[in-house]
2 protein chains.
Amino acid sequence: MTEDTARHREKMAKRKAVQDAEVAAKTIEKGLLMVHTGAGKGKSTAAFGLALRMLGRGRGVGVVQFIKGAWSTGERPVLEALPKLEWHSMGEGFTWETQDRERDIAACRRAWEKALELMQRPGLGLLVLDELCIALRYGYLPVEEVLAGLAGRPPMLHVVVTGRNAPPALLEAADLVTEMTPVKHHFAAGVKAQEGIEF
Amino acid sequence: MTEDTARHREKMAKRKAVQDAEVAAKTIEKGLLMVHTGAGKGKSTAAFGLALRMLGRGRGVGVVQFIKGAWSTGERPVLEALPKLEWHSMGEGFTWETQDRERDIAACRRAWEKALELMQRPGLGLLVLDELCIALRYGYLPVEEVLAGLAGRPPMLHVVVTGRNAPPALLEAADLVTEMTPVKHHFAAGVKAQEGIEF
């Protein structure tokens, strides 16, 4: 064994000890309220990746889309074909597409009712509330009502809420908040939205 | 129509015009080099969400895991069961687990050879190089060699590279860089890693 290898091994053995101690110190199990926000890409795709992970553990996943739904995305047919996944696209597009505030509010209200219903599904491990932050941001749903509904869910149910501009009260209530930050974006270089990537 | 509704409609009509003009200005189509980095959650899960999107468009996806592989993750069996997805876990765990630098280097080298092979697969739309940033960061693979290999891929092939601490040269070469930033994390509140969420 070279000196380099020995040093590496010693350093990594120490790191492993620290890692193991950290893992052992964490004992709480609970259904997490997770928020994916920020202006970067990956908020919804990470939620769908999490859906795959939960399905792989044999538990059910519910998806409610609050805004999207009027147009097709590549992941939808693949996820919908999986057993134990229940998908509801309740939105009618971004608000600048519908141009009708009352219609948007009604669509978000129906989506929220569906979310409350899914929370009670037996065997559900994860509920994805896609673009709910947009609905809250535009005032289509009162944040207090949504937080009360989330607080009343079964204690082991994980929920992930996606969308830009998550309201402060939601961040406060969340167990995990990840901000997807755009460091560099190909749209700025004139690259168009491409199939399989943006939709 | 109330005054509020009319104002909303006008505002949203303007926004749609801006949006449409922006979309029209983007004309380039190309295989993107995408990087998901940062200390937050969602780097790999967003890559797998993107894999679903590409599969839903009927094109193939390749996954090479450079570090993970020694332990099981929920998404792997679900993705592996999908047609047109080819999965290769070439890693043997985080470097503090193997504690053997030579072994880690050999595993990363095999993973990179597999990545080069997958780049030539007909019908492949997306290649996920999971945790490649870790391999670069520890110097297990030379960044110049990896960038040259990526530059030589078919021009329409999209690639997503994940992992903390993406090296500057990779960020420079990338079309899209998203940083997953941890704003709040449940581990800090003593919550343990849970099945279906962390693994």
Side-chain angles (χ1 to χ4, degrees), chain A residues 5 8-9 12-13 15-16 19 26-30 32 36 40-42 45-46 48-50 52-57 59 73-79 82 95-97 99-102 125-126 158 174-187 189-192 194-197, chain B residues 5 8-9 12-13 15-16 19 26-30 32 36 40-42 45-46 48-50 52-57 59 73-79 82 95-97 99-102 125-126 158 174-187 189-192 194-197:
Chain A
T5 305
H8 178 83
R9 190 165 294 183
M12 289 303 150
R15 175 135 181 217
K16 180 163 169 54
Q19 203 82 13
K26 297 175 180 69
T27 53
I28 301 167
E29 289 186 47
K30 63 177 290 198
L32 299 173
H36 295 175
K41 282 176 81 71
T45 42
F48 297 137
L50 215 46
L52 283 178
R53 190 168 284 175
M54 188 60 78
L55 291 169
R57 297 301 177 189
R59 298 171 69 195
T73 51
E75 62 274 25
R76 182 173 168 178
V78 184
L79 281 167
L82 295 174
T95 189
W96 59 84
E97 282 165 344
Q99 298 177 28
D100 186 333
R101 188 174 161 85
E102 271 83 46
L126 175 72
H158 301 287
D175 298 291
L176 172 79
V177 178
T178 305
E179 188 168 315
M180 276 63 173
T181 313
V183 175
K184 194 177 193 180
H185 202 296
H186 49 282
F187 284 176
V191 180
K192 64 192 277 195
Q194 296 176 97
E195 195 176 78
I197 299 295
Chain B
T5 304
H8 177 84
R9 190 164 295 182
M12 290 303 148
R15 176 135 182 216
K16 181 162 167 55
Q19 204 81 14
K26 296 175 182 67
T27 52
I28 302 167
E29 288 187 46
K30 63 177 289 199
L32 299 172
H36 296 174
K41 282 175 82 69
T45 42
F48 296 138
L50 214 47
L52 282 178
R53 189 167 285 176
M54 189 60 78
L55 291 169
R57 296 301 175 190
R59 298 171 68 195
T73 50
E75 62 273 26
R76 183 173 166 178
V78 184
L79 282 168
L82 296 174
T95 189
W96 58 84
E97 281 165 346
Q99 298 176 27
D100 186 333
R101 189 174 160 84
E102 271 82 48
L126 175 71
H158 300 288
D175 298 291
L176 171 79
V177 178
T178 305
E179 187 167 317
M180 277 63 174
T181 312
V183 176
K184 194 176 192 181
H185 201 296
H186 50 282
F187 284 176
V191 179
K192 64 192 279 194
Q194 296 176 96
E195 194 175 80
I197 299 296

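Just so we're on the same page: letters track the sequence lines, and every chain starts at 1.
The greatest number of non-hydrogen atom pairs below 4.5 Å with chain A, out of E195(B), E29(B), R57(B), M180(B), is found for R57(B). If you tally non-hydrogen atom pairs under 4.5 Å between each of H186(A), M54(A), K26(A) and chain B, the highest count goes to K26(A). Annotation: maximal heavy-atom pairing with chain B below 4.5 Å, among T178(A), L82(A), V177(A), L32(A), occurs at V177(A). Ranked by non-hydrogen atom pairs under 4.5 Å with chain A, the options A174(B), G42(B), G125(B) are led by A174(B). Ranked by heavy-atom pairs shorter than 4.5 Å toward chain B, the options G40(A), G56(A), A46(A) are led by A46(A). Note: I28(B) leads L50(B), T27(B), I28(B) in heavy-atom pairs under 4.5 Å with chain A.
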- request: List the steps, then state whether side-chain contact (heavy atoms from CB on, under 4.5 Å) holds for D100(A) with R9(B).
  value: CA-CA 6 Å; D100(A) 186 333; R9(B) 190 164 295 182; 3.6 Å; yes
- request: Determine, step by step, whether R15(A) and Q19(A) satisfy the side-chain contact (heavy atoms from CB on, under 4.5 Å) criterion, reporting the C-alpha distance in whole Å, the side-chain angles of both residues, the deciding distance to 0.1 Å, and the verdict.
  value: CA-CA 6 Å; R15(A) 175 135 181 217; Q19(A) 203 82 13; 4.1 Å; yes
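For V183(B), the parts lying under 4.5 angstrom from a heavy atom of chain A are both the backbone and the side chain. For E179(B), the parts sitting under 4.5 Å from any heavy atom of chain A are the backbone and the side chain alike. Contact annotation for I197(B): both backbone and side-chain heavy atoms come within less than 4.5 Å of a heavy atom of chain A. If you measure heavy-atom distances from Q194(B) to chain A, the contacts under 4.5 Å come from the side chain alone. Using a 4.5 Å cut-off between heavy atoms, H158(B) contacts chain A through its side chain alone, with no backbone atom that close.
Residues passing the side-chain hydrogen bond (donor to acceptor under 3.5 Å, both in side chains) test with K30(B) are D175(B), sequence neighbours excluded. Legend: residues meeting salt bridge (charged side-chain N to carboxylate O under 4.0 Å, His left out) with E75(A), ordered by chain and number and at least two apart, are R53(B).
Expressed to the nearest 0.5 Å, how far CG of L79(A) lies from CG of L55(A) amounts to 7.5 Å.
Proximity of a side-chain donor or acceptor of K41(B) to a complementary backbone N or O of P182(B) within less than 3.5 Å is not detected.
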